[in-house]
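Report on one structure; see the data block that follows.
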Amino acid sequence: KMSWIMFVLTFFIGLILVQKAGWPILIIGIVSLWAAFAYTGGPYPLAYHGLGEATAFVFYGLIPVWGAYYIQAPDFAFRPQVLLTGIIMGLFAAKILLVNNIRDIETDPIAGKITLAVMLGEKKSRLLYALLMILSYGSLFLLARMQDNAVYLMPWILLPFAVYLTMGVRKTEKDKLNPYLFKTAIHCFPFGIILCIAMYFGMQK
C-alpha cells in the first residue's frame, strides 16, 4: 500500500518538473517508475538476477544527476563532468546495496534471490566494496582535473570515515554488518552535500 502511495506522490511531483523541463523528464520518470517495479516484480526481477547494484548505480546516480542538470540547463550537450558526477553518486548507491547483499549472502539464495554478492562470493564482494569506495574518491581527482579546480576535492575530508567503513565491511561478520549498512547510507549524505558546495564554489571561478 505504501509503495503505491509513493508512486502516486512521485507521479504528481514529477508533473511539476515535466512542466518546467519538458518531455525528457517525463521519459526519465516513466523509466524510473518501471525500474522501481522491475526491481523485485515482473517476469525478470532485477534484484533476483544480480542486477541490483547496477540498477541502483543507474537510477540513483546517472539518471537523477543528469535529470537535475537538465532541469536547470535544458540542453542535450554532452557534459563529461555531469556524467562523472552521476558515476560518483551511483557508486555510493551501489555500495549501500552491496553491503546489504553481503549481509544476506546466505539467506538470499534460499528465497530464490541470486544477488551480485551471491554470484561473486563473500570475499570478492567485500573487495568490490573497497574498489567502489576507491573509485568514488578517486573520481574526484579526475573531476578536479576536468574542471581545473582543486575545490572539487573537498569531499576528501571524509576519507578517514571512508577508510573506517571499508575496513569494517572487510572484517566484520555478516550478521553484524547492519551498522555498516546504515553508516554507508549515511556517508552518502555529507559526501553529496560537500560535493554540491564544492560545485557551487567551483562555478564562481
query: Mind checking what makes side-chain contact (heavy atoms from CB on, under 4.5 Å) contact with Phe182, not counting sequence neighbours?
result: Ile186

query: Under 6.0 Å between the ring centres of Tyr152 and Phe201?
result: no

message: Can you tell me how far apart CG (Leu17) and CG (Leu26) are? Round to the nearest 0.5 Å.
response: 11.0 Å

Donor-acceptor list for residues 118-133 side chains, cut-off 3.5 Å, not counting sequence neighbours:
residue: Glu122; atom: OE1; partner: Lys174; partner atom: NZ; Å: 3.3
residue: Glu122; atom: OE2; partner: Arg126; partner atom: NE; Å: 3.2
residue: Glu122; atom: OE2; partner: Arg126; partner atom: NH2; Å: 2.7
residue: Ser125; atom: OG; partner: Ala117; partner atom: O; Å: 3.4
residue: Ser125; atom: OG; partner: Gly121; partner atom: O; Å: 2.7
residue: Arg126; atom: NH1; partner: Val169; partner atom: O; Å: 2.4
residue: Arg126; atom: NH1; partner: Thr172; partner atom: O; Å: 2.8
residue: Arg126; atom: NH2; partner: Thr172; partner atom: O; Å: 3.0
residue: Tyr129; atom: OH; partner: Thr184; partner atom: OG1; Å: 2.8

message: For Ile157, I'd like to know if atom CD1 has over 12 heavy atoms of other residues, nucleotides or ligands within 6.0 Å.
response: no

field: Interatomic spacing from CE in Met154 to CG in Leu140 - rounded to 0.5 Å
entry: 11.0 Å

- prompt: With side chains defined as the heavy atoms from C-beta onward, is the minimum distance between Tyr180 and Arg103 less than 4.5 Å?
  reply: no

Sequence neighbours left out, cut at 3.5 Å: what donor-acceptor pairs do the side chains of residues 40-56 make with other protein atoms?
residue: His49; atom: ND1; partner: Pro45; partner atom: O; Å: 2.8
residue: Glu53; atom: OE2; partner: Asn101; partner atom: ND2; Å: 2.8
residue: Thr55; atom: OG1; partner: Leu51; partner atom: O; Å: 2.7

field: Set of side-chain contact (heavy atoms from CB on, under 4.5 Å) partners for Val163, sequence neighbours left out
entry: Met167

Neighbour count >12 (heavy atoms, 6.0 Å) for atom CZ, Phe59: yes

message: Tell me if the centroids of the rings in Tyr137 and Phe191 come within less than 6.0 Å of each other.
response: yes

- prompt: Just wondering, do Ile30 and Trp34 contact through their side chains at under 4.5 Å, heavy atoms?
  reply: no

query: Should we say atom CZ of Phe161 is surrounded by more than 12 heavy atoms from elsewhere, each under 6.0 Å from it?
result: yes

message: Once rounded to the nearest 0.5 Å, what's the spacing between atom OG1 of Thr166 and atom NZ of Lys171?
response: 11.5 Å

message: Quick check on the hydrophobic clustering: are Ile193 and Trp156 connected, directly or via other members, by side-chain heavy-atom contacts under 4.5 Å?
response: yes

- prompt: What distance separates Ile27 CD1 from Ile63 CD1, expressed to the nearest 0.5 Å?
  reply: 11.0 Å

Side-chain atoms of residues 76-99: list all donor-acceptor pairs with protein atoms under 3.5 Å, sequence neighbours left out, distances to 0.1 Å.
residue: Arg79; atom: NE; partner: Tyr69; partner atom: OH; Å: 2.9
residue: Thr85; atom: OG1; partner: Gln81; partner atom: O; Å: 2.7
residue: Lys95; atom: NZ; partner: Ser136; partner atom: OG; Å: 3.1

- prompt: If you group Ile, Leu, Val, Met, Phe, Trp and Tyr by side-chain heavy-atom gaps below 4.5 Å, do Ile102 and Leu135 land in one group?
  reply: yes

query: Same hydrophobic cluster for Ile5 and Ile13, using side-chain heavy-atom links shorter than 4.5 Å among ILVMFWY?
result: no

- line: Between the CD1 atom in Ile71 and the CD1 atom in Ile16, the distance rounded to the nearest 0.5 Å is 11.0 Å

task: Answer yes if Val151 and Leu153 sit in the same cluster of Ile, Leu, Val, Met, Phe, Trp and Tyr residues linked by side chain heavy atoms under 4.5 Å apart, and no otherwise.
output: yes

field: Pairing residues for Phe12 by the side-chain contact (heavy atoms from CB on, under 4.5 Å) criterion, not counting sequence neighbours
entry: Val8, Leu15

task: Please tell me if the side chains of Ile28 and Tyr70 come closer than 4.5 Å, counting only heavy atoms from C-beta onward.
output: no

message: Please determine whether residues Val58 and Val31 belong to a single hydrophobic cluster, defined as Ile, Leu, Val, Met, Phe, Trp and Tyr linked transitively by side-chain heavy-atom distances below 4.5 Å.
response: yes

message: I need the Met146 CE to Asp148 CG distance, nearest 0.5 Å.
response: 12.0 Å

